[in-house]
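These notes concern the structure reproduced below.
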Amino acid sequence: MDRIAITGGARLAGRIPISGAKNSAIKLMAASLLTEEPLILTNMPRLADTRFLGRLLTRLGTVVEESDDPSADVVTAGQTMSLTTREIVSGFASYDLVRQMRASFNVLGPLVARTGQAKVSLPGGCTIGARPVDLHLKALEALGARIDLHEGYVYAQAPRGLIGAEIEFPFVSVGATEHALLAAVLAQGTTVLKNAAQEPEIADLAECLNKMGAKVSGAGTPTITIEGVSRLGGARHAVIADRIEMGTYALAAAMAGGEVRLTHARPELIDALSAKMIEAGVGVTRHDDGVTITRDPAARLKAVEVTTDPYPGFATDLQAQFMALMTLAEGESLVRETIFENRFMHVPELGRLGADIAVHGGEARVRGVDALEGAQVMATDLRASVSLVIAGLAARGETTVNRVYHLDRGFERLEEKLSACGAVIRRIKGDGEPDE
Ligand code: UD1
């Protein structure tokens with residue numbers, strides 16, 4: 001398996017173009033199941049997760065074509081993906097497929113909405129907590145689907161179609177909000193989603209669905225109203241910029257020191273992070289299409305407290321990376337995780353680099369140390385693994401991050417983007433054998 005080796009201590013200077021958002025792209029791809037006409041997605045990130053979902057959709061009947069615009073700069077331009085599902089040839093998503101990527105469970109709603117039935121595996125356990133799908137299933141039931149669970153599979157049936165309903169989520173779930181939206185667009189009548197997630201990726205999905213002919217209003221607020229339509233058509237849509245990738249490189253620049261401009265992005269999408277970075281002593285200057293991060297590596301950052309929350313709060317997907325920054329800050333920082341119960345798996349790995357972190361329940365106390373030292377570390381999940389890269393940028397000597405397939409799921413050309421700004425980082429190709 002591939003590894004990433006980083007020699008710490010280099011300042012960063014330059015520009016990093018931000019790619020399209022993984023978490024938006026994979027929901028937009030699922031929307032292609034709702035129409036027999038082509039859905040053309042531009043600014044698509046080149047990621048293991050999107051390729052994987054493309055393979056799953058192909059089995060369901062979608063013709064997936066990826067292309068690069070030959071005149072565009074591969075560094076800044078995303079891919080174009082065309083998805084055409086003339087006919088659903090199978091309503092079955094196996095355990096092997098869904099287990100590998102939890103978000104593939106979101107094909108269930110569109111399949112039921114379009115064909116009246118589907119059999120999709122439950123996603124199973126996940127390394128960042130139990131992550132059940134009860135809210136997804138309750139939403140589909142509220143829309144009139146009959147749900148049966150057998151041997152790890154969800155059988156959903158709505159032979160006469162889905163029917164609009166009022167659905168109030170007991171707590172905020174990004175996945176359940178998107179799933180309900182993907183199903184309700186083809187339901188008869190009006191659906192109102194209350195206590196909906198407000199993540200920008202949901203507004204992006206609603207915008208694309210509306211281009212396809214759906215009638216969705218209020219996406220991006222806690223109440224989303226969907227007037228069902230009987231059919232949807234094709235559309236062309238550019239995937240929103242990845243705010244988690246933007247936040248990650250902002251933190252990488254802050255950790256290494258120097259001056260880095262992040263482009264092709266929307267700075268307001270990381271407001272909660274920017275506020276905390278400024279409080280810690282990092283320079284954050286907004287531009288129309290991104291931010292410039294400045295930090296004098298000789299000046300020590302201050303420890304600050306963060307609590308993860310649904311959007312517009314501090315993103316749980318940036319918690320591990322922020323903690324990496326705090327390992328070298330002056331004083332003691334408190335990091336509270338409120339979204340996922342087991343999202344501190346990066347802590348022992350940061351500890352191998354010399355960080356001083358104590359976890360009690362959902363809180364981590366980070367006592368800033370004077371220096372980190374490079375070591376061999378293990379990536380445990382997508383965001384945790386990139387926090388180790390960030391720590392490695394400031395650690396003395398060489399840090400090797402093993403099992404980087406986690407990184408490849410969500411970060412496009414990470415080592416190229418960082419080395420273009422002066423980071424000493426390289427990929428060591430594996431021999432194909434698992435390294436655990
Ligand atoms: C999405 C993002 C993920 C991000 C998370 C929170 C994608 C592909 N992934 O994940 O990167 O970290 O939002 O911002 O978009 N829950 C239930 N029952 C359910 C659904 C969720 O109990 O039916 C719980 C989860 O276990 C978790 C919390 O609700 O504790 C929030 O999860 P949710 O917002 O649904 O996250 P995902 O959509 O899985």
Side-chain angles (χ1 to χ4, degrees), residues 20-31 45 47-50 52-53 56 98-109 120 122-142 147 149 154 167-183 193 195-205 222 239-240 242-248 269-270 272-273 307-322 336-346 362 381-387 406-407 409-411:
K22 169 183 88 79
N23 284 355
S24 201
I26 52 187
K27 318 301 166 57
L28 292 165
M29 288 173 71
L47 297 171
D49 270 10
T50 49
F52 176 80
L53 185 57
L56 166 59
V98 181
R99 169 179 69 86
Q100 291 180 51
M101 192 180 80
R102 183 186 156 80
S104 45
F105 185 70
N106 276 27
V107 300
L108 178 68
V120 174
L122 287 164
C126 170
T127 50
I128 58 168
R131 298 183 90 175
V133 288
D134 51 328
L135 300 188
H136 298 234
L137 299 180
K138 283 198 184 109
L140 292 176
E141 268 178 337
I147 303 285
L149 301 180
V154 179
I167 300 168
E168 177 151 7
F169 295 107
F171 53 90
V172 172
S173 161
V174 176
T177 301
E178 289 165 335
H179 209 159
L181 183 56
L182 281 166
L193 305 179
N195 199 23
Q198 301 174 63
E199 268 63 4
E201 293 74 27
I202 291 167
D204 196 38
L205 176 61
V239 180
I240 191 173
D242 196 322
R243 65 196 163 93
I244 304 302
E245 191 196 20
M246 172 169 49
T248 299
L269 301 185
I270 56 161
L273 170 69
T307 301
T308 63
D309 267 316
Y311 191 83
F314 190 98
T316 174
D317 285 351
L318 291 170
Q319 178 257 105
Q321 300 90 311
F322 193 83
R336 283 190 207 89
E337 173 58 55
T338 71
I339 311 288
F340 293 111
E341 73 272 23
N342 185 21
R343 210 173 201 182
F344 286 134
M345 283 167 311
H346 42 287
D381 72 45
L382 172 56
R383 313 303 176 185
S385 44
V386 82
S387 77
H406 287 296
L407 276 177
R409 286 188 44 208
F411 289 92

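Since the model is a prediction, treat every value here as computed from it, not as a measurement. Order of appearance sets the numbers: ligands from 1, and atoms from 1 within every ligand.
- Leu205 contributes atom CG, which lies 6.0 Å from atom CD of Glu178 (distance to the nearest 0.5 angstrom).
- Arg343 pairs in a side chain to side chain donor-acceptor pair (under 3.5 Å) with only one of the listed residues (Thr316, Thr338, Asp381), which is Thr316.
- Remark: distances from the non-hydrogen atoms of Tyr311 to ligand 1 are all 4.0 Å or more.
- Counting heavy atoms closer than 4.0 Å to ligand 1, residue Glu341 contributes nothing at all.
- By the 4.5 Å heavy-atom criterion applied to side chains, Leu407 and Phe411 are counted as neighbours.
- Distances shorter than 4.0 angstrom do not occur between any heavy atom of Gln319 and any atom of ligand 1.
- Side-chain atoms of Asp49 do not come within 3.5 Å of backbone N or O of Gly410 as any donor-acceptor pair.
- Ligand 1 places these atoms under 4.0 Å from at least one heavy atom of Lys27: 7 (C), 8 (C), 15 (O).
- Ligand 1 has no nitrogen or oxygen under 3.5 angstrom from a nitrogen or oxygen of Phe340.
- Interface of Asp317 with ligand 1, defined as ligand atoms under 4.0 Å from a residue heavy atom, comprises 3 (C), 4 (C), 11 (O), 12 (O).
- Those atoms of ligand 1 with a heavy atom of Arg102 less than 4.0 angstrom away are 39 (O).
- Here Ile244 has no heavy atoms under 4.0 Å from ligand 1, in either its backbone or its side chain.
- The shortest heavy-atom contact between Thr50 and Pro45 is OG1-O, 3.5 Å.
- Atoms CD and CG, on Glu201 and Leu28 in that order, are 9.5 Å from each other to the nearest 0.5 Å.
- Close contacts of ligand 1 with Gly175, meaning ligand atoms under 4.0 Å from a residue heavy atom, involve 35 (O), 38 (O).
- Taking every heavy atom of both residues into account, Ala180 and Leu193 meet most closely at CB-CD2, 3.8 Å.
- With Asp317 contributing its side chain and Ile244 its backbone, the two residues share no donor-acceptor pair below 3.5 Å.
- Of the candidates Pro170, Pro132, Ser173, Pro132 brings a heavy atom nearest to atom 19 (C) of ligand 1.
- Nearest heavy atom pair, residue Val239 against residue Ser24, reads CG1-CB, 4.0 Å.
- At a heavy-atom cutoff of 4.0 Å, ligand 1 is contacted by both the backbone and the side chain of Asp134.
- Applying the salt bridge (charged side-chain N to carboxylate O under 4.0 Å, His left out) rule to Glu199 yields no partners; only residues at least two apart in sequence or on another chain are considered.
- Within the structure, ligand 1 lacks Lys138 among the residues with a heavy atom less than 4.0 angstrom away.
- Annotation for ligand 1: atoms under 4.0 Å from non-hydrogen atoms of Arg343 are 12 (O).
- Applying the salt bridge (charged side-chain N to carboxylate O under 4.0 Å, His left out) criterion to Glu337, with sequence neighbours excluded, gives no partner residue.
- Near Val133, meaning under 4.0 Å from one of its heavy atoms, ligand 1 places the atoms 19 (C), 23 (O).
- Within ligand 1, the atoms closer than 4.0 Å to a non-hydrogen atom of Ile26 are 8 (C), numbered from 1 in the order shown.
- Between Ile339 and ligand 1, at least one N/O pair is under 3.5 Å apart.
- In summary, the atoms of ligand 1 found under 4.0 Å from a heavy atom of Thr316, numbered by their order in the structure, are 6 (C), 12 (O), 14 (O).
- Contact annotation for Glu201 and ligand 1: no heavy atom of the residue comes within less than 4.0 Å of the ligand.
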